Amino acid sequence: QVHLVESGGGSVQAGGSLTLSCTASGGTFIDYFMSWFRQGQDKEREFVAGIKSSGGPTWYGDSVKGRFTISREPTNNTVYLQGDNLKPEDTAVYYCAADRRGSYAASEYDYWGQGTQVTVSS
């Protein structure tokens with residue numbers, strides 16, 4: 001059973017940066033495809049970024065390409081999401097997710113963190 005815990009959310013002004021962390025426990029971390037999703041108020045859960053077990057390659061949702069970077073550190077079972085040039089439309093609860101196969105679809109993921117709020121003000 002994989003357990004995921006996110007941290008690093010908060011409030012930031014438009015144009016600023018924020019880094020989220022997701023630490024995994026309870027499984028063989030290297031075997032999982034790790035992704036970040038987000039869900040804004042009254043919106044569906046949206047794929048943000050994903051990374052394979054080896055640490056690369058990476059995939060990004062169209063709305064964050066060129067502004068967000070996903071990375072992972074296998075030694076401490078942590079995956080990171082750095083967001084730069086943040087916009088008010090990036091405001092959402094951000095979730096970390098793990099799956100052995102990898103997908104853009106939230107329904108395919110077996111394990112989820114509790115989420116962390118990111119608020120970007122204009």
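Numbers here are sequence positions counted from 1. Keep in mind that this is a model prediction, so the values were computed, not measured.
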Original post:
With a 4.5 Å limit on heavy-atom distance, are the side chains of Val79 and Trp36 in contact?
Top reply: yes
**OP:** Considering non-hydrogen atoms only, spot the tightest contact between Ser71 and Ile51 and give its length.
**Re:** CA-CD1, 3.9 Å
**OP:** Can you see which heavy atom on Asn76 is nearest to which on Glu73, and at what distance?
**Re:** OD1-O, 2.8 Å
**OP:** Considering non-hydrogen atoms only, spot the tightest contact between Leu81 and Ala49 and give its length.
**Re:** CD1-CB, 4.0 Å
**OP:** Apply side-chain contact (heavy atoms from CB on, under 4.5 Å) to Gln117 and Thr91, showing your working.
**Re:** CA-CA 8 Å; Gln117 176 71 45; Thr91 296; 3.9 Å; yes
Subject >> Glu108 side-chain N/O to Gly102 backbone N/O, donor-acceptor pair under 3.5 Å >> reply: no
**OP:** Measure the shortest side-chain to side-chain distance between Arg67 and Tyr60 over non-hydrogen atoms and say whether it is less than 4.5 angstrom.
**Re:** no
Original post:
Is there a donor-acceptor pair under 3.5 Å between the side chain of Gln114 and the backbone N or O of Glu6?
Top reply: yes
Original post:
Would you say the side-chain atoms of Gln13 pair up with the backbone N or O of Ser121, donor to acceptor, closer than 3.5 Å?
Top reply: no
Subject >> Flag side-chain contact, heavy atom, 4.5 Å: Arg45 against Tyr109 >> reply: no
**OP:** Report yes if the side chains of Val120 and Glu89 come closer than 4.5 Å at any heavy-atom pair, otherwise no.
**Re:** no
**OP:** Consider only side-chain N and O atoms of Thr23 and Thr78, and report whether a donor and an acceptor are under 3.5 Å apart.
**Re:** yes
Original post:
What distance do Gln82 atom CD and Ile70 atom CD1 have between them, rounded to the nearest 0.5 Å?
Top reply: 12.0 Å
Subject >> Heavy-atom closest pair, residues Ser122 and Pro88 >> reply: CB-CG, 3.9 Å
Original post:
Between Asp90 and Lys87, does at least one N-O distance fall below 4.0 Å, as a salt bridge requires?
Top reply: no
**OP:** Scan His3, Met34, Gln1 and name whichever one has a side chain to side chain contact (heavy atoms under 4.5 Å, CB included) with Tyr111.
**Re:** Gln1
**OP:** Using ring-ring contact (aromatic ring centres under 6.0 Å, His included) as the criterion, point out the one residue from Tyr104, Tyr95, Phe33 that pairs with Phe47.
**Re:** Tyr104
Subject >> Working for side-chain contact (heavy atoms from CB on, under 4.5 Å), residues Leu86 and Phe68 >> reply: CA-CA 9 Å; Leu86 290 167; Phe68 284 32; 3.6 Å; yes
Subject >> Contact check, side chains of Cys96 and Trp112, non-hydrogen atoms, under 4.5 Å >> reply: no
Subject >> Donor + acceptor pair across side chains of Tyr80, Arg72 (<3.5 Å) >> reply: no
Original post:
Closest heavy-atom contact between Gly10 and Leu18?
Top reply: N-CD2, 4.0 Å
Original post:
How far apart are the closest heavy atoms of Ser17 and Asn85, and which atoms are they?
Top reply: OG-N, 4.3 Å
